[in-house]
Amino acid sequence: MRPTEFEPPEALRDVVKCFWHLRRDLGPQRSSFEVMPDGYAEIIFHFGGNCSADGIQTLPSPFLVGLLNQPVHFSAHGLLDILAIRCFPWTVFELLGLPPAKDSIQLFEHPVAGLHATLAQWMLAGRIDLAVAALEQHLLGAQAQLDTTLRKAGEAIRQTNGALPVSQVAAAAHATVRTLERKFKQSAGHTVKDVSGLVRFEQARNQLMQQPDSDLADLAQRLGYTDQSHLSREFKRYSGTTPAAFARKAGKA
């Protein structure tokens with residue numbers, strides 16, 4: 001089941017990719033599910049389900065999923081309702097006023113957490129639109145001014161699906177490589193190459209999920225990998241499996 005996405009208002013589009021909602025009835029027995037890496041960081045509100053993750057017995061609501069470099073496993077039971085904010089990795093820590101960190105899952109204190117009770121009421125009533133509107137209003141009042149260099153660099157990375165060399169990303173942002181790398185480390189906790197690699201993997205993963213019979217050599221060329229072997233190495237690095245094995249599994253889903 002794919003989540004339902006909600007586009008953010010214009011004023012938030014430099015910070016937030018989208019809001020999304022997913023509801024799953026997992027039954028009385030605890031069920032596990034895997035979350036694959038992509039090029040985003042997400043603030044996750046959850047309702048019901050007693051959600052836990054690798055190494056964390058009980059997750060509060062909300063929690064932060066940072067940039068992942070390998071799959072993370074969650075578990076829950078019963079009706080699990082999720083409302084999330086999908087952020088660009090170079091904006092999320094600034095948005096929350098937190099120092100950047102590389103932890104896959106982060107627990108944090110921030111006024112946005114105070115929205116949980118209000119969101120829970122709207123979710124229970126089935127008014128997901130009003131829950132999203134409440135998040136939008138809070139973020140519109142809380143967001144800081146995004147650094148122009150980061151905004152331009154982020155646009156270049158996303159528009160080219162992570163295929164640009166760091167030097168060309170810096171040129172698109174009108175910055176030196178050294179300045180850009182410093183700003184990325186300060187804002188995202190990761191290098192430009194880290195983020196670009198995840199964005200490109202995300203495109204490969206999505207393509208194979210939607211079209212499992214895709215030609216891997218052609219896919220590698222279209223996404224800017226050196227060759228099919230390069231695609232396979234990077235794909236296995238982030239997913240733990242080869243693109244061919246991933247495609248076979250996706251074709252059976």
Problem set entry | Single hit among Ile85, Thr4, Leu83 for side chain to side chain contact (heavy atoms under 4.5 Å, CB included) with Val132 |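 Single pass found, and it is Leu83.
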Exercise. So Glu5 and Arg86, salt bridge (charged side-chain N to carboxylate O under 4.0 Å, His left out) or not? Walk me through it.
Worked result: CA-CA 10 Å; Glu5 296 185 0; Arg86 181 171 295 155; 3.2 Å; yes
Problem set entry | Sidechain N-carboxylate O distance under 4.0 Å for Lys152, Glu155 | no
Exercise. Would Lys193 and Glu181 pass as an ion pair if we require N to O under 4.0 Å?
Worked result: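 No.
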For this session: Compute both the distance and the angle, then confirm whether Arg24 meets the cation-pi test with Phe33: under 6.0 Å from the six-membered ring centre, within 45 degrees of the axis.
Result: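 The answer is yes, since Arg24 meets both limits relative to Phe33.
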When hydrophobic residues are tied together by side-chain contacts of less than 4.5 Å, even through go-betweens, does [X] share a cluster with [Y]?
| X | Y | answer |
| --- | --- | --- |
| Leu107 | Ile44 | yes |
| Trp122 | Leu124 | no |
| Leu130 | Val112 | no |

For this session: Please tell me if the side chains of Leu180 and Thr176 come closer than 4.5 Å, counting only heavy atoms from C-beta onward.
Result: no
Exercise. Is there side-chain contact between Phe74 and Val65, with at least one heavy-atom pair below 4.5 Å?
Worked result: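 Phe74 vs Val65: side chains touch.
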Exercise. Are Phe63 and Phe108 an aromatic pair by the rule of ring centers under 6.0 Å?
Worked result: no
Exercise. Should the pair His116 and Phe45 be assigned to parallel (<30°), tilted (30 to 60°) or perpendicular (>60°) ring geometry?
Worked result: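 Geometry flag for Phe45 against His116: parallel rings.
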For this session: Give me the one residue out of Gln211, Gln210, Gln203, Arg205 that meets side-chain hydrogen bond (donor to acceptor under 3.5 Å, both in side chains) with Gln207.
Result: Gln211
Exercise. Would a distance-only check, ignoring hydrogens and angles, find a side-chain to backbone donor-acceptor pair under 3.5 Å from Arg30 to Asn50?
Worked result: yes
Exercise. Is it true that a side-chain atom of Ser214 and a backbone atom of Leu216 form a donor plus acceptor pair closer than 3.5 Å?
Worked result: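 No; judged by distance alone, with no hydrogens or angles, the pair does not exist.
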